Amino acid sequence: METITKLNSLERLRNRMREKEIENALISYIENVRWLTGFSGSYGMSIVTNREHIFISDSRYREQAKEQVKNAEIVIFQSPRLAVEVLQEELEKRNIKHLGFEAEYVTVATYEQWKEKMPEVEFVAVKELVDPLRMVKSEEEILKIRYACGVADACFEHASRMFQAGVTEYDIALDIEFYIRRQGDKNAFDPIVVSGERSSRPHGEPSEKKLAKGDFVTLDFGASHEGYCSDITRTIVIGEASVRQREVYNAVLEAQLTAIDAMKPGVGAKEIDALARNVLAKYNLDSYFGHGLGHGLGRLVHDVGRMNATSKDVLEEGQVWTVEPGVYIEGFGGVRIEDDVLITKDGVEVLTKSPKELRVY
């Protein structure tokens, strides 16, 4: 079981390759390439051996690669050369005849192209080569996620001045987007702002609907800081909360707090999911909770790792998860409360700090 480490990504990958008994590996899934190299462009791939690391990209990223990629020999090609031709050339230079690749991310068409162009190379599909490494974050990665969570918390506080009747969902969403960009970061995804009956849509898009007294308003957004994401959801009420709204909200909050309290290394993700559902079942609300309790968080918002009823993932120190139970009742509205949670040696640290008691504006 890997814990939080000071090893860099390349060292961790080489250790993983030894575990998998792979001497040479091709990393072509762009998020894994970014994790490995620090490169932020849209195209690149890496050949990793016991001693060498070759990063390949095209001429669009000639200068960017020099700035960002510090742990590899950089190979840049341009039209009319094709990527597969460059890959073939680099493998031939090093007499590489056996190459592992990421089984989960390479299409059949790409694999067939490699085989046609390089019949002398044995391409071996390797499962779980990089993904398990990305689940356990390094100290540097945790710092970036922690920063992104701070931006999200500040954004929620900033946006709260707009939580009043007459303001549109769309205006709040735009304000969230602009605030995050103004901090020098990116939006991890398009913000979700839904109100009233529309709040029963877990991934509803903001509309021109105006907030009205008695509305639930669910806001789901996140920041991406230096390639690492945060993801937070809060639900509030405009004007005055009804008895039923408070009942539903408090049930969802209890489910979330119960789940977070049970999270620690060695516990199965599906066990945590079940705990949250059991709480909602006490209030006859479990049938309104249709999605998983959470997911891994890192370079992607929905990153490696799933916390649901069928998950085989086990919590480990250094993982970051979202915990986001929700209840969605058509014609009434919905509640979701989401935090980003770091698994520590003895339990958890909640990285998102925005208040969770029901707020009425």
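The model shown is predicted, which means the values in this text are computed figures rather than measured ones. By convention here, the first residue in the shown sequence is residue 1.
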Worksheet item: Do you know the tightest heavy-atom contact between I74 and V69?
Response: CD1-O, 3.8 Å
Practice prompt. Would you sort out whether E89 and R81 count as a salt bridge (Lys or Arg N to Asp or Glu O under 4.0 Å), showing the intermediate values?
Written response: CA-CA 11 Å; E89 181 179 293; R81 298 192 73 199; 2.9 Å; yes
Worksheet, complete the sentence: ring-ring contact (aromatic ring centres under 6.0 Å, His included) pairs touching residues 101-132, sequence neighbours excluded, are Y29-Y105, F101-Y111, F101-W114, W114-F123
Worksheet entry | K144: salt bridge (charged side-chain N to carboxylate O under 4.0 Å, His left out) partners, not counting sequence neighbours | E140, E226
Discussion item. Assess whether a salt bridge exists between R16 and E19, defined as any Lys/Arg side-chain N lying under 4.0 Å from an Asp/Glu carboxylate O.
Written reply: yes
Worksheet item: Between D153 and T352, is there a donor-acceptor pair closer than 3.5 Å when you use the side chain of the first and the backbone of the second?
Response: no
Discussion item. Quick check for you: to the nearest 0.5 Å, what is the distance between D231 atom CG and L300 atom CG?
Written reply: 11.5 Å
Discussion item. Membership question, hydrophobic clusters at under 4.5 Å side-chain separation (ILVMFWY): are I232 and V341 in the same one?
Written reply: no
Item to complete: Scan for salt bridge (Lys or Arg N to Asp or Glu O under 4.0 Å) pairs involving residues 174-197, sequence neighbours excluded, and state none if there are none.
Response: R161-D175
Practice prompt. Check whether any side-chain heavy atom of L315 sits under 4.5 Å from a side-chain heavy atom of M263, and report yes or no.
Written response: yes
Worksheet entry | Ring centre gap for Y43 and Y61 strictly below 6.0 Å | no
Worksheet item: Are the ring centres of H291 and Y328 closer than 6.0 Å?
Response: yes
Item to complete: Would you confirm whether E157, through its side chain, and A152, through its main-chain N or O, come within 3.5 Å as a donor-acceptor pair?
Response: no
Discussion item. Looking at E254 and K282, is any side-chain nitrogen of the basic one under 4.0 Å from a carboxylate oxygen of the acidic one?
Written reply: yes
Worksheet item: Given side chains that start at C-beta, do those of I238 and S195 come closer than 4.5 Å, heavy atoms only?
Response: no
Worksheet item: Can any side-chain N or O of E169 pair as donor or acceptor with the backbone N or O of S207 at less than 3.5 Å?
Response: yes
Discussion item. Please tell me whether F156 and F163 form a close aromatic pair, meaning their ring centres lie under 6.0 Å apart.
Written reply: yes
Worksheet item: What residues join I192 in its hydrophobic cluster, counting side-chain heavy atom gaps under 4.5 Å, either direct or through other members?
Response: V194
Discussion item. Check this for me, if you would: do K115 and E112 make a salt bridge, where the nitrogen-to-carboxylate-oxygen distance has to be below 4.0 angstrom?
Written reply: no
Item to complete: Measure from NZ or CZ of R299 to the centre of the six-membered ring of Y228, then state whether that distance is under 6.0 Å and the direction lies within 45° of the axis.
Response: yes
Fill in: Any donor-acceptor pair under 3.5 Å from Q68 side chain to A65 backbone
no
Worksheet entry | Any side-chain heavy-atom pair of Q78 and R60 under 4.5 Å | no
Item to complete: May I ask you to test the V124-H98 pair for a side-chain heavy-atom distance under 4.5 Å?
Response: yes
Item to complete: Measure the CE-CG distance between M162 and L219 for me, rounded to the nearest 0.5 Å.
Response: 10.5 Å
Practice prompt. Supply the atom-to-atom distance K264 NZ to I272 CD1, rounded to the nearest 0.5 angstrom.
Written response: 9.0 Å
Item to complete: Give, for atom CZ of F221 and atom SG of C155, the distance between the pair rounded to the nearest 0.5 Å.
Response: 4.5 Å
Fill in: Ion pair R94/E73, N-O distance below 4.0 Å
yes
Worksheet item: Do E349 and R146 sit within salt-bridge range, that is, some charged N less than 4.0 Å from a carboxylate O?
Response: yes
Worksheet item: Is the shortest side-chain N to carboxylate O distance from K353 to D339 below 4.0 Å?
Response: no
Worksheet item: Is any side-chain N of the basic residue among R234 and E338 closer than 4.0 Å to the acidic one's carboxylate O?
Response: no
Worksheet item: Going by the salt bridge (Lys or Arg N to Asp or Glu O under 4.0 Å) test, which pairs reach into residues 302-314, not counting sequence neighbours?
Response: R134-D303
Item to complete: Taking atom OH of Y288 as the centre, report whether more than 12 heavy atoms of other residues, nucleotides or ligands fall under 6.0 Å from it.
Response: no
Discussion item. Tell me every residue that passes side-chain contact (heavy atoms from CB on, under 4.5 Å) with L10, counting only those two or more places apart in sequence or in another chain.
Written reply: N8, R14, L36, V48, H53, N71
Discussion item. For the backbone of T168 and the side chain of E208, can you confirm whether one donor and one acceptor N or O come within less than 3.5 Å of each other?
Written reply: no
